[in-house]
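A short write-up of the structure that comes next.
Each chain gets a letter, A, B and so on, in the order the sequences are listed, and its residues count up from 1.
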2 protein chains.
Amino acid sequence: MPKKSTDDASRLTGTQSIERALLLLREIAAHNRSGSRLLDLATRTHLQRPTVHRMLKCLTHEGMVQQDADSHRYYLGSMAFELGLTAAPRFNLREICHPAMVRIAEATGDTVFLTQRSGPDAVCIDRHEGTFPIKTFTLDIGMRRPLGVGTGSLAIVAALPDDEIQNIFNSNQTRFEEYGVSGPSLLTQAHKAQKLGYSMREAPTLAGVRSVGHSIRNQSGTAFAALSVSSISSRMTEKRVTEIAVLLKNEVRLIEKQLINAM
Amino acid sequence: MPKKSTDDASRLTGTQSIERALLLLREIAAHNRSGSRLLDLATRTHLQRPTVHRMLKCLTHEGMVQQDADSHRYYLGSMAFELGLTAAPRFNLREICHPAMVRIAEATGDTVFLTQRSGPDAVCIDRHEGTFPIKTFTLDIGMRRPLGVGTGSLAIVAALPDDEIQNIFNSNQTRFEEYGVSGPSLLTQAHKAQKLGYSMREAPTLAGVRSVGHSIRNQSGTAFAALSVSSISSRMTEKRVTEIAVLLKNEVRLIEKQLINAM
DNA sequence: CAATATCCGTCCATTTTACGGACTAATTGA
DNA sequence: TCAATTAGTCCGTAAAATGGACGGATATTG
């Protein structure tokens, strides 16, 4: 039954199963603290259970995925970790941004996050905590969520051309629900962020947390990462939000200069 | 033409292309500093060029692989890095071993390596340098080589049952050549290491470097990792080798105790 | 503690997907 | 400028992957 996959436009041919395997890996990565059950993976990826099972068996065999013997839940495996170690030297965004994150954390006292775009997702690749005693750890390092969900993520989206924003929101539509946010509202928020030059919002899942984000662009001008600062809402007055936005903007300017030399 | 793949016994079915894709990823990882050309990848993986190309196109599209625009060479991509970050919290061997590595580096003055088995390969997952001014950086973090090539690697092999050693050496045979070592000689060295309880050898590729290694076993008693110490041969007298071996053995004992609690 | 609902894992006939031989384009290098 | 090497593409064919259906394990409920 040709379900006429209404997926993305960018159709590659002759690689269906690899695409599916990577889709699975991303989905497992997106829930790596709690682990994923076979059925949930099948549902979330829109694949048939037998297909998912067969692929997971292979991925497990090769070490990309691990299955907990008791719970049967799937997690990323040691090979994923090792490939990451190997790839790391070529991805020095973390190192480049580290001093800036320290400075921002010191200046604000709040927690700073570094987020990087990964296709239809955004991944938190670093975090630095400030001194203020109430900490808001809205993101763990390595956490993967649909593009547009976090505040840093929103800043990345807002910096993209309008038609691409639409594309992303269309393809992530169903995934947004899982994170308790609606597509249309995200679009409004993205437009607001475009006007302001930075993103700001209340965490939808965690009441009382407010964040400010600013995108980072590469040499060719496309936003591929973002810095964001998170704090309890009571500290995030309107005045303070704009102050932090300026702080972020300046630090990002420095980072972007370094990117030109480094990459 | 049914080439009757004389591969490994553990035949999975319905996952050929995923297996091949992962084989490619491992092969790219094994040469990630210099990058890999399409043809070399095809040769090393024993796959057809069109197949490799098609798969690389997909992997590149998904961010697992990156292609340098000028040289056309392939490297691991940002998604590999990100998956690694996500997987990291569940692989704390590094953290557990870190204090031991510091102590060993201080005691010996030489460079200490932590190696982990990954199927038919071994991957260097950590390194700590001693104070002695002549340093022997025989391994970079993330470096992947066929199991049996390095000294830590050799210690892991030596701790396996004899038939498995044979299997590994058979399937890695051709890959050994690339690293300038011969299978049979490795077998002798493995047997020697079994008698001694630790592995020791002169680096085959880099004259004047001698290393000592000791395997680390998990709860179920199988060797899955190793600590090793590397130094210039003039420092590695026979007496000193045995001293370092004792030092390693004691540290490994402590690590193995922690593994029981941690994992 | 049956009975029942879920979910995991496997089988196998069918068909779509991926394979790879052959060709073209791009790049190197002599 | 021309040969040699490598990258990338096409497409008919065969084999690999798909997924509906079933058996078995584990959790849940009455």
Side-chain angles (χ1 to χ4, degrees), chain A residues 1-25 27-28 31 34-62 64-75 77, chain B residues 1-25 27-28 31 34-62 64-75 77:
Chain A
M1 212 165 285
K3 206 24 175 331
K4 203 85 257 178
S5 105
T6 55
D7 243 7
D8 45 350
S10 53
R11 283 278 54 159
L12 295 184
T13 126
T15 51
Q16 189 196 63
S17 58
I18 297 178
E19 280 167 48
R20 289 176 168 188
L22 294 177
L23 175 62
L24 269 177
L25 284 176
E27 208 50 53
I28 293 171
H31 300 79
S34 55
S36 304
R37 297 185 318 161
L38 176 61
L39 205 74
D40 296 338
L41 286 175
T43 312
R44 288 203 293 263
T45 56
H46 302 284
L47 298 172
Q48 296 297 116
R49 247 196 352 282
T51 303
V52 174
H53 182 264
R54 181 166 27 82
M55 288 181 168
L56 287 175
K57 197 163 65 174
C58 171
L59 291 171
T60 304
H61 183 82
E62 303 270 348
M64 278 301 282
V65 164
Q66 261 186 358
Q67 186 177 27
D68 185 86
D70 298 329
S71 67
H72 287 203
R73 279 166 181 269
Y74 292 94
Y75 301 85
Chain B
M1 214 165 284
K3 196 67 171 302
K4 202 85 261 180
S5 109
T6 55
D7 242 4
D8 44 350
S10 52
R11 283 278 53 160
L12 294 184
T13 126
T15 51
Q16 188 196 62
S17 59
I18 298 178
E19 279 167 49
R20 289 177 168 188
L22 294 176
L23 176 62
L24 270 177
L25 286 176
E27 208 50 53
I28 293 171
H31 301 79
S34 55
S36 304
R37 297 186 317 160
L38 175 61
L39 206 73
D40 297 339
L41 286 174
T43 311
R44 288 204 294 265
T45 55
H46 301 284
L47 298 172
Q48 296 297 117
R49 248 197 348 283
T51 304
V52 174
H53 183 265
R54 180 165 28 81
M55 287 179 169
L56 286 175
K57 199 163 63 175
C58 171
L59 291 171
T60 304
H61 184 81
E62 303 270 349
M64 277 301 281
V65 165
Q66 259 185 359
Q67 185 176 28
D68 184 86
D70 299 329
S71 67
H72 286 203
R73 279 166 180 270
Y74 293 94
Y75 300 85

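The side chain of B:Pro50 approaches C:dG20 more closely than any other nucleotide in the set C:dC8, D:dG8, C:dG20. Across C:dC19, C:dA22, C:dC8, the shortest atom-to-atom separation from the side chain of A:Arg49 is found for C:dC8. Distance from the side chain of B:Arg20 is smallest for C:dC19 among the nucleotides D:dG19, C:dC19, C:dG9. Ranking C:dG21, D:dG20, C:dC19 by closeness to the B:Gln48 side chain, first place goes to C:dG21.
For A:Arg54 and C:dC8, the CZ to C1' distance is 15 Å, given to the nearest whole Å. The distance from atom CG of A:Leu47 to atom C1' of D:dA17 is 12 Å, rounded to the nearest whole Å. What separates NE2 of B:His72 from P of C:dA26 is a distance of 11 Å, to the nearest Å. In this structure, CG of B:Leu38 is placed 14 Å from C1' of C:dT27, rounded to the nearest angstrom. As rounded to whole Å, 13 Å separates atom P of C:dC7 from atom CG of A:Leu41. Regarding B:Leu39, its CG atom lies at a distance of 15 Å from the C1' atom of C:dA26, rounded to whole Å. As rounded to whole Å, 14 Å separates atom P of C:dG9 from atom CG of A:Leu59.
Along DNA chain C, the nucleotide nearest to A:Gln67 and the one nearest to A:Ile18 differ in position, and the one closer to the 5' end is contacted by A:Gln67. Nearest-nucleotide positions on DNA chain C for B:Ser17 and A:Lys57 put A:Lys57 closer to the 5' end.
Among the protein residues, B:Arg37 comes within range of the sugar-phosphate backbone only, with heavy atoms under 4.0 Å from sugar or phosphate atoms but none that close to a base. Base engagement by A:His53 is indicated by at least one non-hydrogen atom pair under 4.0 Å involving a base atom. Residue contacts for A:Arg73: at a heavy-atom cut-off of 4.0 Å it reaches no nucleic acid atom on any strand shown.
Residues A:Ser71 and A:Arg37 bring no donor and acceptor atom of their side chains to less than 3.5 Å of each other. Neither side chain, A:Tyr75 nor A:Gln66, offers a donor N or O lying under 3.5 Å from an acceptor on the other. Side chain to side chain, A:Arg73 and A:Ser34 fail the donor-acceptor criterion of an N or O pair below 3.5 Å.
Distances shown here put every side-chain N or O of A:Tyr74 at or beyond 4.0 Å from the OP1 or OP2 atom of C:dC7. Distances shown here put a side-chain N or O of A:Gln16 below 4.0 Å from the OP1 or OP2 atom of D:dT18.
Between the side chain of B:Thr51 and the main chain of B:Leu47, no donor-acceptor pair closer than 3.5 Å is present.
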- Message: Set out, in order, the CA-CA distance, both residues' side-chain angles and the distance that settles side-chain contact (heavy atoms from CB on, under 4.5 Å) for A:Arg20 and A:Met55, then state yes or no.
- Response: CA-CA 9 Å; A:Arg20 289 176 168 188; A:Met55 288 181 168; 3.7 Å; yes
